[in-house]
A.B. asks: 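Okay, handing you the structure first.
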Amino acid sequence: LAARLFQVPIAILSLVDAHRAWFKSAVGVDGTEASREQSLCGQALGVPELLVVPDTRRDPRCVGVPCVTDEPPVIFYAGRPLRGPGGHRVGVLCLVDRRPRTMSEADQALLHDLGGWAEAEIAAAELQSAYRQVREGEAQIQEVLDHLVDGVLLIDEQDHVELCSASAERIFGASSAVLLGRRIQE
């Protein structure tokens with residue numbers, strides 16, 4: 001979408017660690033990663049909002065960066081740092097062209113908004129992963145509970161049944177579907 005909107009040959013959404021930029025979504029590149037030193041993503045992570053370099057050949061920040069000195073060179077670069085749910089910078093949404101170009105304020109605002117969308121997707125993926133881990137943990141707890149001889153009920157702060165063992169179902173003469181969510185007083 002970014003490549004089409006900005007009419008650039010290369011657009012990359014990368015997650016960046018201490019040594020690498022991992023291309024999670026990319027148009028116009030063959031690889032799936034680059035060393036952090038070979039790309040401009042590391043520099044983009046260091047800016048508050050956007051790093052826009054109209055012509056890398058004339059920018060002192062780009063001297064000696066391999067993606068600028070290699071053939072074909074990166075001439076235009078625009079990168080928007082991406083933050084994870086905790087606020088820390090985890091990656092970059094970037095636009096690349098092999099020719100110099102500029103970005104209007106409207107284009108910069110659009111790239112900022114696309115970056116916000118990417119951040120929302122990253123947060124959703126992280127939330128889904130955490131939810132899956134919680135569910136797996138609950139399944140493990142349930143398995144342990146189901147092997148106990150004693151009846152066990154897990155009660156929340158409002159006195160509602162959250163989990164129950166198979167023995168508790170037998171003791172109360174009710175399935176977990178009936179017991180879950182009910183107040184312990186019932």
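Computed over heavy atoms, backbone and side chain alike; hydrogens, waters and symmetry mates excluded. Note that the structure is a prediction, hence the values are computed from the model and not measured.
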A.B. asks: Heavy-atom distance under 4.5 Å between the side chains of L114 and R80, does that happen here?
C.D. replies: no
A.B. asks: Please say yes or no: joined through hydrophobic side-chain contacts below 4.5 Å, possibly via intermediate residues, are L51 and V74 part of one cluster?
C.D. replies: yes
A.B. asks: Atom CD of Q133 and atom CD of Q128: how far apart are they, to the nearest 0.5 Å?
C.D. replies: 11.5 Å
A.B. asks: Is it the case that over 12 heavy atoms from other parts of the model lie below 6.0 angstrom from the CZ atom of R183?
C.D. replies: yes
A.B. asks: Measure the CG-CG distance between L82 and L45 for me, rounded to the nearest 0.5 Å.
C.D. replies: 8.5 Å
A.B. asks: Of all heavy-atom pairs between L95 and A11, which one has the smallest distance, and what is that distance?
C.D. replies: CD2-CB, 4.3 Å
A.B. asks: Kindly compute the distance separating CD (E33) from NE2 (H19), expressed to the nearest 0.5 Å.
C.D. replies: 12.5 Å
A.B. asks: Determine whether a donor-acceptor pair (N or O, by modelled atom type, separation under 3.5 Å) exists between the side chain of R98 and the backbone of P73.
C.D. replies: yes
A.B. asks: Do you know which two heavy atoms are closest between G79 and V92, and how far apart they sit?
C.D. replies: CA-CG1, 3.8 Å
A.B. asks: Write down the atom of E119, the atom of R83, and the distance for their closest heavy-atom approach.
C.D. replies: OE2-N, 2.8 Å
A.B. asks: What's the spacing between C164 SG and R170 CZ if we round to 0.5 Å?
C.D. replies: 11.0 Å
A.B. asks: Could you walk me through whether S14 and F23 satisfy the side-chain contact (heavy atoms from CB on, under 4.5 Å) test, starting with their C-alpha distance in whole Å, then the side-chain angles of each, then the deciding distance to 0.1 Å, before giving a yes or no?
C.D. replies: CA-CA 4 Å; S14 64; F23 304 160; 4.0 Å; yes
A.B. asks: More than 12 foreign heavy atoms under 6.0 Å from NE2 of H88: is that the case here?
C.D. replies: yes
A.B. asks: Same cluster or not: are V52 and L110 linked, directly or through other Ile, Leu, Val, Met, Phe, Trp or Tyr residues, by side-chain heavy atoms under 4.5 angstrom apart?
C.D. replies: yes
A.B. asks: For the CD atom on E105, are there more than 12 heavy atoms of other groups (residues, nucleotides or ligands in this structure) within a distance under 6.0 Å?
C.D. replies: no
A.B. asks: Tell me, do V47 and P81 make a side-chain contact under 4.5 Å, heavy atoms counted?
C.D. replies: yes
A.B. asks: Is the shortest side-chain heavy-atom distance between R20 and S35 below 4.5 Å?
C.D. replies: yes
A.B. asks: Calculate, to the nearest 0.5 Å, the distance between atoms CD1 and CZ belonging to I75 and R58 respectively.
C.D. replies: 9.5 Å
A.B. asks: Could you check whether any side-chain N or O of E169 sits under 3.5 Å from a backbone N or O of S176, counting only pairs where one atom can act as donor and the other as acceptor?
C.D. replies: yes
A.B. asks: Establish whether L13 and L111 are linked, either directly or via other cluster members, by ILVMFWY side-chain heavy-atom contacts under 4.5 Å.
C.D. replies: yes
A.B. asks: In this structure, are over 12 heavy atoms from other groups packed under 6.0 Å from Q7 atom CD?
C.D. replies: no
A.B. asks: Is there a path of hydrophobic side-chain contacts, each under 4.5 Å between heavy atoms of I, L, V, M, F, W or Y residues, that connects V8 with W117?
C.D. replies: yes
A.B. asks: Let me confirm one number: the CD1-OH distance from I12 to Y77, rounded to the nearest 0.5 Å.
C.D. replies: 8.0 Å
A.B. asks: Compare all side-chain heavy atoms of P100 with those of F76 and state whether any distance is below 4.5 angstrom.
C.D. replies: no
A.B. asks: Could you please spell out the steps behind the side-chain contact (heavy atoms from CB on, under 4.5 Å) verdict for L50 and M103?
C.D. replies: CA-CA 11 Å; L50 292 176; M103 285 189 83; 5.7 Å; no
A.B. asks: Decide yes or no for P9 and D97: does some side-chain heavy atom of the first lie under 4.5 Å from some side-chain heavy atom of the second?
C.D. replies: yes
A.B. asks: Is there a side-chain contact between L153 and L163, using heavy atoms and a 4.5 Å cut-off?
C.D. replies: no
A.B. asks: Go through T56 and L40 one step at a time and tell me if the side-chain contact (heavy atoms from CB on, under 4.5 Å) criterion holds.
C.D. replies: CA-CA 10 Å; T56 59; L40 294 169; 4.2 Å; yes
A.B. asks: Within a strict 4.5 Å, meaning less than it, do heavy atoms of the L15 and I122 side chains meet?
C.D. replies: yes
A.B. asks: According to a hydrophobic-cluster definition based on side-chain heavy atoms being under 4.5 Å apart (Ile, Leu, Val, Met, Phe, Trp, Tyr only), do V53 and V63 belong together?
C.D. replies: no
